[in-house]
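All values reported here derive from a predicted model rather than from experimental measurement. Letters A, B, ... are given to chains in the order of the sequence lines, protein chains preceding strands, and every chain is numbered from 1. In what follows, every heavy atom counts, from backbone to side chain, and hydrogens, waters and symmetry copies are set aside.
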Amino acid sequence: MKLATWNVNSLKVRLPQVLDWLAANPVEVLCLQETKQQDADFPQADLLAAGYQSVFSGQKTYNGVAILSRGPLDEVQFGIPGFDDEQKRVIAATINGVRVVCVYVPNGQSVDSDKYQYKLKWLEALRAWLAGELAKYPKLALLGDYNIAPEDSDVYDPKAWEGNVLVSEPERQQFRSLLQLGLRDSFRLFEQAEKSYSWWDYRMMAFRRNRGLRIDHILISEALAAKCRGCIIDRTPRKLERPSDHTPVVAEL
DNA sequence: ATGGCTGCCGAGGGCAGA
């Protein structure tokens with residue numbers, strides 16, 4: 001069973017690329033972030049025609065998450081329970097006995113901004129909710145755009161980024177606290193090439209120069225990690241015309 | 001060097017992303 005995550009930076013623009021990618025990579029589950037579409041505009045029929053059911057939670061202009069699945073999506077949850085949030089950043093569903101949680105973690109903008117405080121509070125609420133989810137669902141996968149590069153090895157120029165949003169110590173501490181719930185970073189369960197990233201700035205030919213960050217992750221519970229067979233970052237969509245700035249991450253369970 | 005692209009909304013540039 002393959003599970004994937006992809007921040008598409010507008011599903012309206014990227015739908016053809018998503019459909020092409022699914023045709024070439026017929027994963028069981030694909031989590032999307034930054035769909036930037038209201039639910040009324042979500043391309044449910046196009047995805048169904050491609051063999052994928054979907055659940056989604058979107059809004060105009062910003063944010064928006066979705067889970068696409070070949071099999072039925074049960075026990076659908078929108079948002080973090082008890083955490084009041086206008087922003088559509090979380091959707092979860094149970095698929096084939098696996099609790100799939102799709103997240104678009106706030107960016108934080110800069111460490112001295114209100115958005116950074118919101119990011120840290122949001123991550124704390126996520127952690128608290130997931131502690132209960134893990135007790136309920138031993139087979140759990142947390143996929144998405146975390147907007148955190150957990151280690152310096154996930155950053156093309158750690159010195160330049162030191163203390164910055166996406167790499168700051170409080171954010172990394174929040175990432176580690178997710179691991180402490182009993183989750184594993186599936187990418188790091190396997191030998192990987194150095195300088196493996198999932199996002200590259202659109203500017204300054206960052207992709208061509210591989211000036212990127214690894215901020216899209218698939219964390220999996222111990223029960224899933226025990227039989228996880230691989231995790232890869234698929235850079236090919238980043239090479240297309242008009243790409244998303246993020247590229248898919250795929251775990252094979 | 002704080003920009004550099006891209007998408008959004010909506011009709012021109014400003015905001016946000018990371």
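Going from atom NZ of A:Lys12 over to atom C1' of B:dT6 covers 14 Å, rounded to whole Å. One atom, CG of A:Asn147, and another, C1' of B:dA16, lie 12 Å apart when rounded to the nearest Å. A straight line from CZ of A:Arg208 to P of B:dC5 spans 13 Å, rounded to a whole angstrom. Note: CG (A:Asp154) to P (B:dA18) measures 16 Å, nearest angstrom. Remark: C1' of B:dG7 and OH of A:Tyr104 are 12 Å apart, rounded to the nearest angstrom. The CG-P distance, from A:Leu11 to B:dC8, rounds to 10 Å in whole Å. Rounded to a whole Å, the CD atom of A:Glu34 is 19 Å from the P atom of B:dC5. Following rounding to the nearest Å, A:Tyr202 (OH) and B:dT6 (P) show an atom-to-atom distance of 7 Å.
Look at A:Arg214 and A:Asp185 and you find a salt bridge, because one of the NZ, NE, NH1 or NH2 atoms lies within 4.0 Å of a carboxylate O, short of that distance. A salt bridge does not link A:Lys195 with A:Asp154: none of the charged nitrogens is closer than 4.0 Å to a carboxylate oxygen.
Residues A:Val29 and A:Tyr52 have side chains not in contact (no heavy-atom distance under 4.5 Å, counting atoms from C-beta outward). Looking at heavy atoms from C-beta onward, A:Thr5 lies out of side-chain contact with A:Leu30 at the 4.5 angstrom threshold. Here the side chains of A:Val65 and A:Val103 are not in contact, with every heavy-atom distance at 4.5 Å or above.
For A:Leu213, whose side chain is taken as the heavy atoms from C-beta onward, the closest listed nucleotide among B:dG4, B:dC9, B:dA18 is B:dA18. When each of B:dC8, B:dA18, B:dG17 is scored by its nearest atom to the side-chain atoms of A:Arg89, the top-ranked nucleotide is B:dG17. With B:dC8, B:dA16, B:dG4 as the choices, the nucleotide that has an atom nearest any side-chain atom of A:Tyr62 turns out to be B:dA16. Listed nucleotides B:dA18, B:dC9, B:dA16 differ in distance to A:Ile215; the shortest reach to its side chain belongs to B:dA18. The side chain of A:Lys36 lies closest to B:dG7 when the candidates are B:dA16, B:dG7, B:dA18. The side chain of A:Asn7 has B:dA18 as its nearest neighbour among B:dA16, B:dA18, B:dG10.
Here the separation of B:dC5 from B:dG10, taken at their P atoms, is 26 Å to the nearest Å. Annotation: B:dG7 and B:dT2 have their P atoms spaced 26 Å apart (nearest Å). Comparing the same atom, C1', in B:dA18 and in B:dG4 gives a spacing of 14 Å after rounding to whole Å. The gap from the C1' atom of B:dG12 to that of B:dA1 amounts to 28 Å, rounded to the nearest Å.
In this structure, A:Asn63 reaches neither bases nor backbone, as no heavy-atom distance under 4.0 Å exists between it and the strands shown. Among the protein residues, A:Lys115 comes within range of the sugar-phosphate backbone only, with heavy atoms under 4.0 Å from sugar or phosphate atoms but none that close to a base. Contacts of A:Asp216 with the nucleic acid, taken as non-hydrogen atoms under 4.0 Å apart, are absent. A:Asp201 comes within 4.0 angstrom of nothing in the nucleic acid, heavy atoms only. Among the heavy atoms of the strands lying under 4.0 Å from A:Arg14 are primed sugar atoms or P, OP1, OP2 only; no base atom is included. Across all strands shown, A:Tyr146 has no heavy atoms under 4.0 Å from either base or sugar-phosphate atoms.
Each of A:Ser110 and A:Arg242 was matched to the nucleotide of DNA chain B holding its nearest heavy atom; the match closer to the 5' end belongs to A:Arg242.
Under the 4.5 Å side-chain heavy-atom criterion for ILVMFWY residues, no single connected hydrophobic cluster contains both A:Tyr116 and A:Trp122.
A:Asn9 has no side-chain polar atom (N or O) that falls below the 4.0 Å cut-off from OP1 or OP2 of B:dG7. In terms of phosphate contacts, A:Ser10 brings a side-chain nitrogen or oxygen within less than 4.0 Å of OP1 or OP2 of B:dC8.
Cation-pi geometry between A:Arg89 and A:Tyr104 is met: the NZ or CZ atom falls under 6.0 Å from the ring centre, inside 45° of the normal.
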